[in-house]
S.K.: 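I'd like to ask some things about the structure below.
The chains referred to below are lettered A, B, ... by the order of the sequence lines, with proteins before strands, and numbering in each begins at 1.
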2 protein chains.
Amino acid sequence: MSFKFETGLGAKHGMNLKELASKLGLSPTTVSRALNGYPEVNETTRERVMAAAKRHNYRPNTRAIRLATGRAMAVGHVIPIATRHEIVNPVFADFIAGAGETYSRNDYDMVLSVVPDDQEEDTYRGLKSKGNVDGVIVHAPRMNDARIGLLHEIGLPFVVHGRATGTTLPYSWLDVNNRRAFRRATEFLLDLGHRRIALVNGLEFMDFAIRRRAGYGEALAARDIALDPTIMSSDEMTEIAGYKAARRMLASATPPTAFLCASMISGMGMRRAIEERGLAMGRDISVIIHDDDLSYMKNGEDLPIFTATRSSVREAGRQAAEMLLDLIAHPGAGPQQRLLEAELIIGQSTAPAPKA
Amino acid sequence: MSFKFETGLGAKHGMNLKELASKLGLSPTTVSRALNGYPEVNETTRERVMAAAKRHNYRPNTRAIRLATGRAMAVGHVIPIATRHEIVNPVFADFIAGAGETYSRNDYDMVLSVVPDDQEEDTYRGLKSKGNVDGVIVHAPRMNDARIGLLHEIGLPFVVHGRATGTTLPYSWLDVNNRRAFRRATEFLLDLGHRRIALVNGLEFMDFAIRRRAGYGEALAARDIALDPTIMSSDEMTEIAGYKAARRMLASATPPTAFLCASMISGMGMRRAIEERGLAMGRDISVIIHDDDLSYMKNGEDLPIFTATRSSVREAGRQAAEMLLDLIAHPGAGPQQRLLEAELIIGQSTAPAPKA
DNA sequence: TGGCGCATCCAAAGCGGTTTGGGGTCGATT
DNA sequence: AATCGACCCCAAACCGCTTTGGATGCGCCA
């Protein structure tokens, strides 16, 4: 009954199709077609309808459209909150911003689900069977990521941001060429004369970290330098983790002269460790980071602070979203892949290896 | 016609209420009521229905529920992308994560709209009239923020994260006591003997920045110290901005001995400027930051890197979302407000003022 | 024994759009 | 003059659920 009241009062609830149609002396059918650009309506009628729609500020009810068409006009991003280490990936913000721009332009909604990681599978199944979204973006793929098989099984279109080593199923992804980027960065340090190059990597169950490590390994192998596990670490990409890894390695008997580091944030922690030790980054110790080009964490202005492999995660978001919308629009077409190359930006944090 | 195919094939499209009902030999009415816990259904029947629903993996179609009930079961977060300075606020990620936890628990969807800031008003109007959401969270309020009046006008429930000085309308908000936090921090520095205390603030059309400046001013005034505009800056809270502000101030004839800084990220830039000058933070120069307790940017572990005013933005997200859901559930009730106090955490970045 | 009330269940009318399957009109064709 | 297409438009079904307004049956009391 309170419902009756609301819809009764409802001057506020806005014009609907039926009202608009009767105001125009037309049928809802015709009005709907006129507004949606169908050909079987007279052009002058269409203009009359369009004008009236604007005048009365008519906006079709999304809920009704969704039910009638069977499309959600929305895509989902499932953000798992690790129950163990509660890290909110700092690149999410920029990726989401990029993807969101694409969605806005295409009149799609973006729905975010933040769920404990043990409920992730259930969330995907629900998203599909309850019909909340037409597709999803898969974040932070791991090796042999189970989500790919799952999404295949339930038949929900998806694009992976990154790749999942070990998966045989075909699927759509957009990734940065992490292997090549880290190989180039390592070669760059080698060319500067460095021989003890440390790798401060992300967590190695994350696919991107595996690829970065591979690129690093390739470059060293090509110069016949053996991997040294004592100067290779793998951890979350936080300031603290970068600090601790660098501090530990610098304290060793044979410290590295250069660092390769997975993110700008951990790079800042590394710098802290370096300076705490009375050394100078870019003189005593060289550092190369991977720069996601986060808007709140620009790597300097004219002169970059860090030498870096750079690839905009915001742009990745834009493009991944476009791929997904395309997949949704053309369900027949096969999976799409796109590999972005990172630039190598020379900044102030690298220098020739000190004479031994 | 391709539609026919899909729904024709659609073993996949899942069980719906009608099918389930006929399988049970019951009417849709009864099944609906059984599942939604209405009293006018026999307990044994209810159990039979529940069991069948689980067995057939029935999940009610969200789109239909939304249309039938008139509720969106979703809340919106509008994230304006400033056309001038394209900064994605780094605290969004954590705030969103916190809010998202609350939504997940309550079976609400979170829909994010990333829009150019000149389309913000239109976005809110659309969200309301198209019925996409039941309420919204307003981010990053400014002085005399126009959104508050707008949302009042269009009748969309909302909670502001922060406050908007100058607004006379009553509205719901959740904020940190920024004024008191910065006043305490300033007093702390004063007690350590500092007299030239710089303020590296956020952009001062942002409400929180105004309040922080007020707290800073109060503390100085209480000790009869005049404000000195040359050691007060106001800019985006990026690493670069912090660096530049600190560098400029340190280069002056009468540099500050202490800094009050709006964020951990700009604090890291300040540290860079300090060390670049051959000074040590926490010895030559004291620094206090505001710490939003971002998960990827922890302020040290046992021993905090920075002395800081701390307040978890993730927790703020959780609570703001709860307030909003409460507002939506009880449209009659008046606006709610909640003021969170920040802790003052003593870290390694502060020390007594050097003897002049 | 007739009637009342309670416990259960159902048919049908929404919700607000889209889409199907015609149905007039009218000028052109034969 | 009858036929035939365009061309425009409409009535009604439908999407999958909720909710209203009964209907049915049964125990129980006067």
S.K.: I need the CG-P distance between B/L17 and C/dC15, as an integer number of Å.
M.R.: 19 Å
S.K.: Has A/T30 got a side-chain N or O lying under 4.0 Å from the OP1 or OP2 atom of D/dC9?
M.R.: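 The answer is no; no side-chain N or O of A/T30 sits under 4.0 Å from OP1 or OP2.
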S.K.: A/K130 side chain to B/P60 main-chain N or O, any donor-acceptor pair under 3.5 Å?
M.R.: no
S.K.: Give a yes/no answer on whether the side chain of A/Y38 brings an N or O atom under 4.0 Å of OP1 or OP2 in D/dC7.
M.R.: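 Checking A/Y38 against D/dC7: no side-chain N or O falls below 4.0 Å of OP1 or OP2.
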S.K.: How long is the line joining CD of A/E40 and P of C/dG23, in whole Å?
M.R.: 17 Å
S.K.: Please check if the side chain of A/N36 supplies one atom and the backbone of A/S32 the other of a donor-acceptor pair under 3.5 Å.
M.R.: yes
S.K.: May I ask you to decide whether A/R147 forms a salt bridge with A/E121, counting only side-chain N to carboxylate O separations under 4.0 Å?
M.R.: no
S.K.: To the nearest Å, give me how far apart NZ (A/K18) and P (D/dC10) are.
M.R.: 15 Å
S.K.: Mind checking B/R66 for me? I need base, sugar-phosphate or nothing, with any heavy atom below 4.0 Å counting as a touch.
M.R.: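 Here B/R66 touches no strand at all.
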S.K.: Ignoring backbone atoms, establish whether B/Y58 has a side-chain N or O less than 4.0 Å from OP1 or OP2 of D/dC17.
M.R.: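 Affirmative; the distance criterion is met.
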S.K.: To the nearest Å, give me how far apart CG (B/N16) and P (D/dT18) are.
M.R.: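 Computing the B/N16:CG to D/dT18:P distance gives 12 Å.
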S.K.: Looking at every heavy atom in both A/V133 and A/L156, which two are closest together, and how far apart are they?
M.R.: O-CD1, 4.1 Å
S.K.: Under 4.0 Å between a side-chain N/O of B/N61 and OP1 or OP2 of D/dC15, yes or no?
M.R.: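 False: B/N61 side-chain N/O out of range (4.0 Å or more) of D/dC15 OP1/OP2.
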S.K.: Expressed as a whole number of angstroms, how long is the span from B/L67:CG to D/dT19:C1'?
M.R.: 13 Å
S.K.: Reckon B/I65 touches a base, only the sugar-phosphate, or nothing at all at heavy-atom distances under 4.0 Å?
M.R.: sugar-phosphate
S.K.: Heavy atoms under 4.0 Å, any strand shown: does B/R63 hit a base, just sugar-phosphate, or nothing?
M.R.: nothing
S.K.: Where the side chain of B/S27 is concerned, which of D/dC9, C/dG17, C/dC10 is the nearest nucleotide?
M.R.: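 Between D/dC9, C/dG17, C/dC10, the one nearest the side chain of B/S27 would be C/dC10.
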S.K.: Between D/dT24 atom P and B/L26 atom CG, what is the distance in whole Å?
M.R.: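 Going from CG in B/L26 over to P in D/dT24 covers 18 Å.
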S.K.: Does B/T45 have a side-chain nitrogen or oxygen under 4.0 Å from the phosphate oxygens OP1 or OP2 of C/dC9?
M.R.: yes
S.K.: What about A/H139 and A/F95, are their ring centers closer than 6.0 Å?
M.R.: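 Ring centres of A/F95 and A/H139 closer than 6.0 Å.
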S.K.: Tell me: CG of B/L24 to P of C/dT8, nearest whole Å?
M.R.: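 After rounding, the reported distance stands at 17 Å.
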S.K.: Under 4.0 Å between a side-chain N/O of A/S32 and OP1 or OP2 of C/dG17, yes or no?
M.R.: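 Result: no.
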S.K.: For A/R71 and D/dG16, what is the distance between atoms CZ and C1' respectively, to the nearest whole Å?
M.R.: 17 Å
S.K.: Record whether the side chain of B/T29 comes under 3.5 Å of the base of D/dT18 through a donor-acceptor pair of N or O atoms.
M.R.: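 There is none.
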